[in-house]
J.: 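Here it is, the structure, as structure tokens.
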Amino acid sequence: MSGRCLPGHLCFQECLIMPSPAVLVRILGALFYYSPTRPEVRALFDCLPTLDEIYAWRDPRQVAELCSDWSIPDEEQHLWQFSVLFEGQGEMPAPPWGSVYLEKDNLLMGDSTAEYRKFLRDQGMTFDSCINEPEDQFGLMLLACSALLAEGKERAANQLLETHLLPWGYRYLELLQRNPVSAFYAKLAQIATLFLQDYQQQQALNPPTKRLFLG
């Protein structure tokens, strides 16, 4: 299998032709990973009121209610919120990297990151050379999951979630929902939590219980 890069850019038109749930996972991943100032990301804001329609939610009414009053900060404020929550400007209330939760000393690039990197290599997935961030960033993991789902590799996508993301992902999303910086990203965390809970039940995923060292 030839190697392919995880997305270093976002094309919304590509999202429209992806099978569900790859579309939703791609949108969520992009919002958790890319700067909100990027034109491609800002284009995704128009999708937010319709997220209840693009996935088989257990409770689409709850999702519709959450999305109906989802206000978007102005660009300058939104960029500051993103910088605090995802780039480490000041104290991060919810670090988005798995190893911070799974490693005893809360270090980046720990054993859990190495295990996930091996999983990506086994799937023939590589990173664009311009990406300089641990692979276990929450949004980047969702983007990898979306790429697998779009290729019809449901088993590998499920393994990614079950083994590498879900053991720490709910704790991260819980912290993000409680963050004092951004109501926008708190609501994004709510939606992502509902999706992961629904998908976990639908696919009968059974993530291992691991000791978490943050939160």
Side-chain angles (χ1 to χ4, degrees), residues 7 9-75 77-78 81-82 85-86 94 96 137-154 157-158 160-162 165-166 168-179 181-207:
H9 68 283
L10 176 68
C11 179
F12 179 53
Q13 285 71 26
E14 291 176 0
C15 291
L16 296 177
I17 61 175
M18 286 182 178
S20 181
V23 173
L24 178 62
V25 180
R26 174 100 173 182
I27 291 171
L28 294 176
L31 293 173
F32 274 101
Y33 181 69
Y34 290 109
S35 168
T37 61
R38 294 180 59 145
E40 309 97 310
V41 175
R42 298 197 69 81
L44 295 179
F45 297 158
D46 293 335
C47 300
L48 299 184
T50 63
L51 291 186
D52 61 306
E53 302 173 5
I54 63 175
Y55 180 69
W57 302 93
R58 283 183 295 172
D59 189 351
R61 181 175 299 179
Q62 179 185 14
V63 177
E65 290 175 354
L66 284 171
C67 294
S68 63
D69 62 347
W70 198 344
S71 61
I72 312 297
D74 66 72
E75 184 170 316
Q77 184 70 10
H78 204 163
Q81 294 173 7
F82 180 85
L85 294 174
F86 297 97
Q137 199 269 3
F138 184 84
L140 197 53
M141 293 181 80
L142 290 182
L143 290 171
C145 180
S146 174
L148 292 169
L149 288 171
E151 294 183 3
K153 297 181 178 179
E154 184 178 274
N158 288 352
L160 186 158
L161 294 175
E162 185 176 58
L165 186 143
L166 288 178
W168 64 275
Y170 289 126
R171 175 69 59 80
Y172 163 65
L173 292 171
E174 179 184 354
L175 294 178
L176 189 59
Q177 286 185 58
R178 302 202 309 257
N179 90 82
V181 174
S182 173
F184 175 88
Y185 287 108
K187 184 162 290 192
L188 181 63
Q190 286 183 273
I191 299 295
T193 299
L194 290 173
F195 164 71
L196 289 175
Q197 290 172 340
D198 281 11
Y199 191 84
Q200 180 178 344
Q201 182 184 64
Q202 292 164 6
Q203 298 294 319
L205 304 184
N206 186 27

J.: Quick check for you: to the nearest 0.5 Å, what is the distance between Leu140 atom CG and Cys145 atom SG?
T.: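 Nearest 0.5 Å value for the CG-SG distance: 12.0 Å.
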J.: Using modelled atom types and a 3.5 Å cut-off, is there a donor and acceptor pairing between side-chain atoms of Arg26 and backbone atoms of Ala147?
T.: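 Between the backbone of Ala147 and the side chain of Arg26 there is no qualifying donor-acceptor contact (under 3.5 Å).
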J.: Return the minimal non-hydrogen interatomic distance between Val41 and Pro36, and the atom names on each side.
T.: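 It is CG1-CA, 4.0 Å.
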J.: Are any side-chain N or O atoms of Glu162 and backbone N or O atoms of Asn206, one a donor and one an acceptor, separated by less than 3.5 Å?
T.: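 Checked: pair present.
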J.: Go through Gln203 and Glu154 one step at a time and tell me if the side-chain contact (heavy atoms from CB on, under 4.5 Å) criterion holds.
T.: CA-CA 10 Å; Gln203 298 294 319; Glu154 184 178 274; 3.3 Å; yes
J.: Would you name the heavy atoms of Gly139 and Phe32 that are closest together and state the gap between them?
T.: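 Distance-wise, the nearest heavy atoms are CA-CB, 3.5 Å.
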J.: I'd like to know if the side chain of Trp57 reaches the main chain of Leu51, judged simply by a donor and an acceptor atom lying under 3.5 Å from each other, with no hydrogens or angles considered.
T.: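 Flag set: sc Trp57 to bb Leu51 pair under 3.5 Å.
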J.: Taking atom types as modelled, find out whether Tyr170 and Gln200 have a side-chain donor-acceptor pair closer than 3.5 angstrom.
T.: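 Side chains of Tyr170 and Gln200: pair found under 3.5 Å.
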J.: Begin from the C-alpha positions of Asp198 and Asp59 and carry the test side-chain contact (heavy atoms from CB on, under 4.5 Å) through to its verdict.
T.: CA-CA 9 Å; Asp198 281 11; Asp59 189 351; over 6 Å; no
J.: With a 4.5 Å heavy-atom cut-off, do Arg38 and Arg42 have their side chains touching?
T.: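 Not touching, per the 4.5 Å side-chain cut-off.
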J.: Would you name the heavy atoms of Gln202 and Ala56 that are closest together and state the gap between them?
T.: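 For Gln202 versus Ala56, the nearest heavy atoms are NE2-O, 3.0 Å.
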J.: I'd like to check Cys67 versus Ile191 (side-chain heavy atoms, cut-off strictly below 4.5 Å). Are they in contact?
T.: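 In short, these two side chains touch, coming nearer than 4.5 Å.
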J.: On a heavy-atom basis, which atom in Leu28 and which in Ala192 lie closest, and how many Å separate them?
T.: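 Here Leu28 and Ala192 meet closest at CD1-CA, 4.3 Å.
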J.: Does a side-chain heavy-atom distance below 4.5 Å link Phe184 with His78?
T.: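 Touching, per the 4.5 Å side-chain cut-off.
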J.: Should Arg178 and Glu174 be marked as a side-chain contact (heavy atoms from CB on, under 4.5 Å) after you check the CA-CA gap, both sets of side-chain angles, and the distance that decides it?
T.: CA-CA 7 Å; Arg178 302 202 309 257; Glu174 179 184 354; 3.1 Å; yes
J.: Do Leu66 and Leu194 have side-chain heavy atoms sitting under 4.5 Å apart?
T.: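 They are in contact (side-chain heavy atoms under 4.5 Å apart), so the answer is yes.
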J.: Val25 versus Tyr55: any side-chain heavy-atom pair under 4.5 Å?
T.: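 Contact flag for Val25/Tyr55 side chains = no.
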J.: For the residue pair Phe82 and Tyr185, categorise the inter-ring angle as parallel (less than 30°), tilted (30 to 60°) or perpendicular (more than 60°).
T.: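 Ring orientation, 0 to 90° scale: tilted.
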J.: Using a 4.5 Å cut-off on heavy atoms from C-beta on, say whether the side chain of Leu142 contacts that of Tyr33.
T.: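 No, their side chains stay 4.5 Å or more apart.
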J.: Of all heavy-atom pairs between Leu143 and Ala30, which one has the smallest distance, and what is that distance?
T.: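 The answer is CD2-N, 3.7 Å.
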J.: Work out which heavy atom in Ser182 is nearest to a heavy atom in Asn179; give both atom names and the distance.
T.: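 Between these two residues, the closest heavy atoms are N-OD1, 2.7 Å.
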J.: Any side-chain heavy atom of Trp70 sitting closer than 4.5 Å to one from Phe45?
T.: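 Heavy-atom side-chain distance check fails, nothing below 4.5 Å.
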J.: List the steps and the verdict of side-chain contact (heavy atoms from CB on, under 4.5 Å) for Leu196 and Leu173.
T.: CA-CA 10 Å; Leu196 289 175; Leu173 292 171; 3.8 Å; yes
J.: Salt-bridge test for Asp52 and Arg61: reply yes if a basic N is under 4.0 Å from a carboxylate O, no otherwise.
T.: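 Salt bridge flag = no for Arg61 with Asp52.
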J.: Evaluate the ring planes of Phe195 and Tyr199, with Trp represented by its six-membered ring, and classify them as parallel (under 30°), tilted (30 to 60°) or perpendicular (over 60°).
T.: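 Rings of Phe195 and Tyr199: tilted, as their planes differ by 30° to 60°.
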J.: Would you call Ile54 and Ile27 a side-chain contact if the rule is heavy atoms closer than 4.5 Å?
T.: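 Ile54 reaches Ile27 side chain to side chain.
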